[in-house]
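Convention: sequence-line order gives letters A, B, ...; per-chain numbering from 1. None of these values were measured; they are calculated from a predicted model.
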Amino acid sequence: GQQVMQIPQYQHVQEGEDFTTYCNSSTTLSNIQWYKQRPGGHPVFLIQLVKSGEVKKQKRLTFQFGEAKKNSSLHITATQTTDVGTYFCAGGQGAQKLVFGQGTRLTINP
Amino acid sequence: DAMVIQNPRYQVTQFGKPVTLSCSQTLNHNVMYWYQQKSSQAPKLLFHYYDKDFNNEADTPDNFQSRRPNTSFCFLDIRSPGLGDAAMYLCATSRTAGTTYEQYFGPGTRLTVT
């Protein structure tokens, strides 16, 4: 079945440093979504990418979808303590299901 | 305003004692999902309903069942909980119209099995 691999599993940065997490799929994805889960919280939708090569920005967050629609990345510029949490990518499988990556847990030293 | 509500937030049950977790939504979404999430892991899809159509994941144990009596409510029944079933159970909803829509997650029910 479809697998979505995400690296790194953990990332610790100093506040103000940049952060990137990468997502790779074994098959071509129809779309990819990104979610953030704060410690003790539930996943919250951040964004969806659909088009090959698509790049979207949300303030300090930049999301990319690869040309082959098999990989994606999330980059945070100048991290803040509010960015702490686990970031999951999730690949669209058919019209209804998502396959989640393992997540990247971001911790920040203030 | 709460959109996906899960009750209870914390549930303690004994080994082998049936337990039911509930989820309700005010979004009128067609699709409802149940995920199991263990510590430091990704949410694992157990099953989902597209309207009344039930879709079970191939690796979901028979111990897990679900009911969706109407659009707003969905239940997760664990018939004989084992220690390995201790986890956070997340309910989520989404619209569907031929492409994947974002999923809205509830706050989760943390299940402890003693």
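- In the hydrophobic clustering of ILVMFWY residues, with side-chain heavy atoms under 4.5 Å counting as a link, A/V44 and B/M3 come out apart.
- Summarising the geometry of A/G101 relative to B/A42, their closest heavy-atom pair is O-CB, 3.0 Å, with the distance given to 0.1 Å.
- With a 6.0 Å radius and a threshold of 12 heavy atoms from other residues, nucleotides or ligands, B/D62 has its CG atom at or below the threshold.
- Applying the disulfide (SG to SG under 2.5 Å) rule to pairs touching residues 15-87 of chain B yields B/C23-B/C91, sequence neighbours excluded.
- Under the salt bridge (Lys or Arg N to Asp or Glu O under 4.0 Å) criterion, B/D85 pairs with no residue, sequence neighbours left out.
- Side-chain rings of A/Y35 and B/F105 approach one another, their centers coming within less than 6.0 Å.
- Between atom CZ of residue A/F45 and atom OG of residue B/S94 there is a gap of 11.0 Å, rounded to the nearest 0.5 Å.
- Applying a 4.5 Å heavy-atom cutoff, none of the residues of residues 103-110 of chain A approach chain B.
- Of the atoms belonging to A/Q37, it is side-chain heavy atoms, and not backbone ones, that fall under 4.5 Å from chain B.
- For B/S24, the side chain to side chain contact (heavy atoms under 4.5 Å, CB included) test picks out B/I5, B/F73, with sequence neighbours left out.
- For A/R38, the CZ atom counts as loosely surrounded, since its 6.0 Å shell holds 12 or fewer non-hydrogen atoms of other residues, nucleotides or ligands.
- Surrounding OH of A/Y22 are at most 12 heavy atoms belonging to other residues, nucleotides or ligands under 6.0 Å away.
- Between A/L46 atom CG and B/E102 atom CD the span is 10.0 Å, to the nearest 0.5 Å.
- The local environment of CZ in B/R110 is sparse, with at most 12 non-hydrogen atoms from other residues, nucleotides or ligands closer than 6.0 Å.
- Note: A/L98 CG to B/Y35 OH = 5.0 Å, rounded to the nearest 0.5 Å.
- Heavy atoms of other residues, nucleotides or ligands lying less than 6.0 angstrom from NZ of B/K17 number 12 at most.
- In this structure, the portion of B/E57 lying under 4.5 Å from any heavy atom of chain A is its side chain and not its backbone.
- Most heavy-atom pairs under 4.5 Å with chain A, from the set B/M88, B/Q37, B/K44, B/Q41: that is B/Q37.
- Linking ILVMFWY residues whenever their side-chain heavy atoms come closer than 4.5 Å, directly or via other members, leaves B/L76 and B/L90 in distinct clusters.
- Annotation: the span from B/S40 atom OG to A/Q102 atom CD amounts to 12.5 Å, rounded to 0.5 Å.
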